[in-house]
Protein chains: 2
Amino acid sequence: MNPKIDNFDQKILSLLQQDARMSHAEIGRQVHLSQPAVSERIKRLEAAEVIRGYRADVNPKALGYQITAMIRLSTQQGRPYAQYVASCPEIIDCYTVTGEDGAVMRVLATDVEHLQRIINELNAFGSTSTAIVLTTHVAGKTITAPVQEGS
Amino acid sequence: MNPKIDNFDQKILSLLQQDARMSHAEIGRQVHLSQPAVSERIKRLEAAEVIRGYRADVNPKALGYQITAMIRLSTQQGRPYAQYVASCPEIIDCYTVTGEDGAVMRVLATDVEHLQRIINELNAFGSTSTAIVLTTHVAGKTITAPVQEGS
DNA sequence: GTTGAAACAGAAGTGCT
DNA sequence: AGCACTTCTGTTTCAAC
């Protein structure tokens with residue numbers, strides 16, 4: 001792990017994950033550091049790509065997506081689903097994973113008919129297994145530095 | 001779907017998902033709207049909870065997490081894993097889903113030993129199925145309003 | 001690391017079309 | 001609804017400590 005991430009950086013990262021638009025002065029107040037010190041640390045974290053960027057968290061339901069589903073795709077010898085995944089706006093996450101399921105993706109749909117259409121399209125690349133999300137316990141939990149085992 | 005989301009709002013949401021710290025004036029330039037008009041629309045979108053918040057995108061690898069895994073948990077008659085999930089910093093997403101897998105979660109681990117420890121803890125709540133993420137095709141793709149079928 | 005000042009950029013409020 | 005203008009807040013950079 002990056003040894004340059006101290007407790008101040010850790011706290012700053014935590015605050016920025018909760019609210020990316022928090023002012024550096026306000027962060028300084030909460031971590032007991034001056035505003036220029038906070039700005040400098042954030043600049044370092046951005047340069048080191050610890051902070052990849054800042055994103056607005058948009059509520060899919062407010063846009064009309066009533067359904068979130070997790071779809072597992074078992075591809076037959078590496079069919080080129082990557083291009084479809086990239087071009088399909090309903091697929092918002094897609095990971096290639098170990099095991100018999102080649103890919104796991106998170107999909108948004110307005111209704112079950114919409115979901116059915118997406119599944120049909122994905123079936124061109126392999127067999128799918130779909131699980132509709134009932135409740136979201138946590139999504140995008142704040143990432144903290146791992147606790148050291150032997151420190 | 002929310003009928004008040006027009007093309008301007010759609011474009012603003014897209015820009016803010018790419019960069020939450022983009023200034024309202026810069027957004028205005030790109031959507032051909034004045035800064036106050038953009039500010040007012042963003043305020044509306046925030047009030048309507050279309051925009052839930054703004055989050056820094058932190059790179060797990062930069063913090064020392066070398067492994068991302070998708071773990072499926074088949075719980076036996078609703079064991080109380082929710083509390084564990086909330087308290088475990090390595091579990092960053094957790095959804096209850098339909099089907100035999102009661103829950104699907106995304107987990108960060110520093111190494112395979114670390115992952116093994118998390119799996120062991122989760123096994124207290126049911127049987128687990130773990131898939132290690134090999135590649136991330138897309139993560140947190142920009143959400144766009146659904147295309148209308150009959151419009 | 002800190003404070004303080006100056007220059008600049010961005011956000012919010014006002015009035016008008 | 002929209003824009004132009006002003007004001008206030010926040011950020012950045014600089015100095016000196």
Side-chain angles (χ1 to χ4, degrees), chain A residues 1-59 61-64 142-145 148 151, chain B residues 1-59 62-64 140 142-148 151:
Chain A
M1 120 180 217
N2 198 324
K4 299 192 287 294
I5 308 276
D6 63 10
N7 287 335
F8 283 119
D9 292 326
Q10 176 60 56
K11 191 74 198 293
I12 290 169
L13 287 175
S14 176
L15 289 170
L16 283 176
Q17 283 179 89
Q18 289 163 55
D19 179 10
R21 305 204 105 181
M22 185 178 287
S23 78
H24 297 178
E26 177 59 27
I27 293 172
R29 256 166 253 135
Q30 300 202 25
V31 303
H32 306 295
L33 231 53
S34 71
Q35 176 264 310
V38 171
S39 296
E40 193 194 349
R41 281 169 178 271
I42 291 174
K43 212 171 178 181
R44 259 203 316 106
L45 291 167
E46 288 171 349
E49 292 195 322
V50 176
I51 297 173
R52 284 203 202 105
Y54 303 93
R55 327 244 169 261
D57 178 14
V58 171
N59 184 357
K61 214 157 189 172
L63 284 182
T142 298
I143 299 173
T144 55
Q148 303 299 93
S151 68
Chain B
M1 116 179 221
N2 198 326
K4 299 193 287 292
I5 308 277
D6 63 11
N7 287 336
F8 283 119
D9 291 325
Q10 176 61 56
K11 191 74 199 294
I12 289 169
L13 287 174
S14 176
L15 290 170
L16 283 176
Q17 282 180 88
Q18 289 164 53
D19 180 9
R21 305 205 105 180
M22 184 178 288
S23 76
H24 296 180
E26 178 59 27
I27 293 171
R29 257 166 252 135
Q30 299 203 25
V31 303
H32 306 295
L33 231 53
S34 72
Q35 175 261 308
V38 171
S39 296
E40 196 193 347
R41 280 170 177 270
I42 290 174
K43 212 171 177 181
R44 259 202 316 108
L45 291 167
E46 287 170 351
E49 292 196 324
V50 176
I51 298 173
R52 284 203 204 106
Y54 304 92
R55 326 246 168 261
D57 178 14
V58 171
N59 184 358
L63 284 182
T142 298
I143 299 173
T144 55
V147 289
Q148 301 301 93
S151 69

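Shown here is Gln30(B), whose CD atom has more than 12 heavy atoms of other residues, nucleotides or ligands within 6.0 Å. Summarising the local packing, CD of Glu46(B) is surrounded by more than 12 heavy atoms from other residues, nucleotides or ligands at distances under 6.0 Å. Within 6.0 Å of the CD atom in Gln10(A), the count of heavy atoms belonging to other residues, nucleotides or ligands exceeds 12.
Straight-line distance from the CD1 atom of Ile42(A) to the P atom of dT11(D): 8 Å, rounded to whole Å. In this structure, the CG atom of Asp9(B) is 10 Å from the P atom of dA1(D), given to the nearest Å. Rounded to an integer number of Å, the gap from Phe8(B) CZ to dG2(D) P is 7 Å.
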For nucleotides 15-17 of chain D, list the nitrogen or oxygen atoms of the protein found under 3.5 Å from its nitrogen or oxygen atoms, one pair per line.
none

Using a cut-off of under 3.5 Å, enumerate the N/O to N/O pairs linking the protein to nucleotides 3-10 of chain C.
none

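Residues Pro36(A) and Glu40(A) are not in side-chain contact: their nearest non-hydrogen atoms beyond the backbone lie 4.5 Å or more apart. With contacts defined as side-chain heavy-atom distances shorter than 4.5 Å, the pair Leu13(B)/Leu63(A) qualifies.
Looking only at distances, a side-chain donor or acceptor of Gln17(A) sits under 3.5 Å from a matching main-chain atom of Ile143(A).
For the atom pair CD1 of Ile42(B) and CD1 of Ile27(B), the computed distance is 4.0 Å after rounding to the nearest 0.5 Å.
Close to dT11(D), at under 4.0 Å from its OP1 or OP2, lies no side-chain N or O of Ser39(A). For dG13(C), the OP1/OP2 oxygens have a side-chain nitrogen or oxygen of Lys43(B) closer than 4.0 Å. Between Arg41(B) and dA1(D) there is no side-chain polar atom (N or O) within less than 4.0 angstrom of OP1 or OP2.
A salt bridge (charged side-chain N to carboxylate O under 4.0 Å, His left out) with Asp9(B) is found for one member of Arg44(B), Lys43(B), Lys4(B) and no other, namely Arg44(B).
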